Chemist: 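Pasting a structure below so you can have a look.
Chain naming here is simple, since letters A, B, ... match the order of the sequence lines and numbering starts at 1 in each. The structure displayed is predicted, hence computed values, not measured ones.
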There are 2 protein chains.
Amino acid sequence: MATDTKDRILDAAEQLFADLGFSTTSLRDITSEAGVNLASVNYHFGSKEALLTAVLARRIAPINELRLQRLDEVERAAGSMGPAMEDILRAFIAPPFEMKAACGDGDRKFVRLLGRVHVETNEEFRTAFIDQFMTVFSRFIEASQRVLPDIEPNEITARFWFIVGAMAHTMMWAQTAGLTDTARDPNEAIESLVQFGAAGLSAPMLQPVPVRSGNTGTGR
Amino acid sequence: MATDTKDRILDAAEQLFADLGFSTTSLRDITSEAGVNLASVNYHFGSKEALLTAVLARRIAPINELRLQRLDEVERAAGSMGPAMEDILRAFIAPPFEMKAACGDGDRKFVRLLGRVHVETNEEFRTAFIDQFMTVFSRFIEASQRVLPDIEPNEITARFWFIVGAMAHTMMWAQTAGLTDTARDPNEAIESLVQFGAAGLSAPMLQPVPVRSGNTGTGR
DNA sequence: GTCTATATGCGGATAGAC
DNA sequence: GTCTATCCGCATATAGAC
């Protein structure tokens, strides 16, 4: 547990935002959980929204840096023949799941907050978060396009977006009892996502088929 | 536009909950949008939470019924040789996207609310929603297991959960400019998800590999 | 059924003593 | 830097006239 006030607030806010969401969590919740005075939040951070930004910034920058660094490694190691789609995906997916190991004592609660952020549409979250995410996202789209030249670029973007959704959903619900295997090894979750995503991204393009019940036009 | 108070409230609440989220939207927002009196919400529904339940109930039951009905059709049409995975998935994915057509004048805003509900962890949402969803979910897992006997049951569940996440994410962001192709034909989105999901679900099982940067153990 | 007026509480934020 | 006390607005919900 952190010892100084600022970190105690950050830790408590991270946990509560992850569990309850941003607007549902009050500053009083946070300060009582952290064992600090109510006024200290505004003293140290200025506002509730600024606190959220600080909570996110503490974790997100390292994650995105790690993603880009791993992507570089993967591409360099593969040389001219190009990397495997699985390795590109692993560079994208693994870092947030590895937060705990990567950040020392980083609370794994943050993983759920990250899942939540991927899904919140509030203006506050967007400005604090989406911009830098899109930079990383674009880099991975480019890398995927080189590996999958037969898939239309728009389709790759759509499919990669599906993977982001699957990842966010997994992080959101990973610790909810009764819905998923809570005791599951994080590495297994990563590998499942990687295999699933690589197969989905590589699926051959089809001619559009009419969408109606009972349709069997896709064949198999 | 609905003419009587109760429906006007439901429509406005549906739209605002979808755009802003449940806790962020006030009853004042809803009544002023609906052009009705503030007190009428409590008169007709009893509380804000009960209003949310009513908003969800109006759409969810038909969607889940349609899903199960289509799954039955697909399995019956396929006979003893079993249906294609794509057709099972389409039975699951298409109904929420088709809300507008299926419910007459149903507001397509609900699709975003549905995406949000899949992701909200609040107690209110869960009790109102998760239970009946899990029933449908289980039915589709069973059908998938019959089609994919080589994939471990736990893995099928995990992968189908990925698809739910991809679907929810897509619905959430479908109308957000700048992130996805907003003008995209819903049928195309459905087909992309179906092809992506079928390929991902069918991916062969691999031996676990150590997860580290630069890992190329997946081969290709 | 619909309105006005209001009860009651919690929210974020701040002033000012220490 | 930390605390107490408080401002002030907005939230849900309800009482009671019409």
Chemist: Contact class for Thr25(B) vs. all strands (heavy atom < 4.0 Å): base, sugar-phosphate, or nothing?
Modeler: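 If one applies the 4.0 Å heavy-atom cut-off, Thr25(B) turns out to touch the sugar-phosphate alone, with no base involved.
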Chemist: If only atom types and distance count, is the side chain of Lys48(A) paired as donor or acceptor with the main-chain N or O of Phe22(A) below 3.5 Å?
Modeler: yes
Chemist: Take atom CG of Asp4(A) and atom C1' of dG1(D), then tell me their distance rounded to the nearest Å.
Modeler: 12 Å
Chemist: Looking at residues at least two apart in the chain, or sitting in another chain, which of them share a ring-ring contact (aromatic ring centres under 6.0 Å, His included) with Phe160(B)?
Modeler: Phe92(B), Phe137(B)
Chemist: Nearest to the side chain of Asn37(A), heavy atoms from C-beta on, is which of dT4(C), dG12(C), dT4(D)?
Modeler: dT4(D)
Chemist: Just the table, please: protein N/O against nucleotides 13-18 of chain C N/O, every pair under 3.5 Å.
Modeler:
from    : atom 1 : to       : atom 2 : distance (Å)
dA13(C) : OP2    : Lys48(A) : N      : 2.9

Chemist: Nearest whole Å is fine: how far is dT2(D) C1' from Arg8(A) CZ?
Modeler: 14 Å
Chemist: Just N and O in the side chain of Ser26(B): are any of them under 4.0 Å from OP1 or OP2 of dA11(D)?
Modeler: yes
Chemist: Would you classify Ser40(B) as touching base, sugar-phosphate or nothing, given that sugar-phosphate means primed atoms plus P, OP1 and OP2, and contacts are heavy atoms under 4.0 Å?
Modeler: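 Counting heavy atoms under 4.0 Å across all strands, no contact is made by Ser40(B).
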Chemist: Rounding to an integer number of Å, can you tell me how far Phe45(B) CZ sits from dA13(D) C1'?
Modeler: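 In whole Å, dA13(D) C1' lies 16 Å from Phe45(B) CZ.
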Chemist: Could I get the full list of side-chain contact (heavy atoms from CB on, under 4.5 Å) partners for Ala199(B), not counting sequence neighbours?
Modeler: Ala203(A)
Chemist: Does any N or O in the side chain of Asp29(B) come within less than 3.5 Å of the main-chain N or O of Ser26(B), such that one atom is a donor and the other an acceptor?
Modeler: yes
Chemist: Does Thr5(A) make a side-chain N or O approach to OP1 or OP2 of dG1(D) shorter than 4.0 Å?
Modeler: no
Chemist: State, yes or no, whether a side-chain contact exists between Leu113(A) and Leu56(A) at a heavy-atom distance under 4.5 Å.
Modeler: yes
Chemist: Rounded to whole angstrom units, what separation is found between the CD1 atom of Ile30(B) and the C1' atom of dA13(D)?
Modeler: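 After rounding, the reported distance stands at 14 Å.
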Chemist: Is the backbone N or O of Ala91(A) less than 3.5 Å from a side-chain atom of Arg67(A), with the two atoms forming a donor-acceptor pair by type?
Modeler: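 No, the answer is negative, given that no donor and acceptor are paired below the 3.5 Å cut-off.
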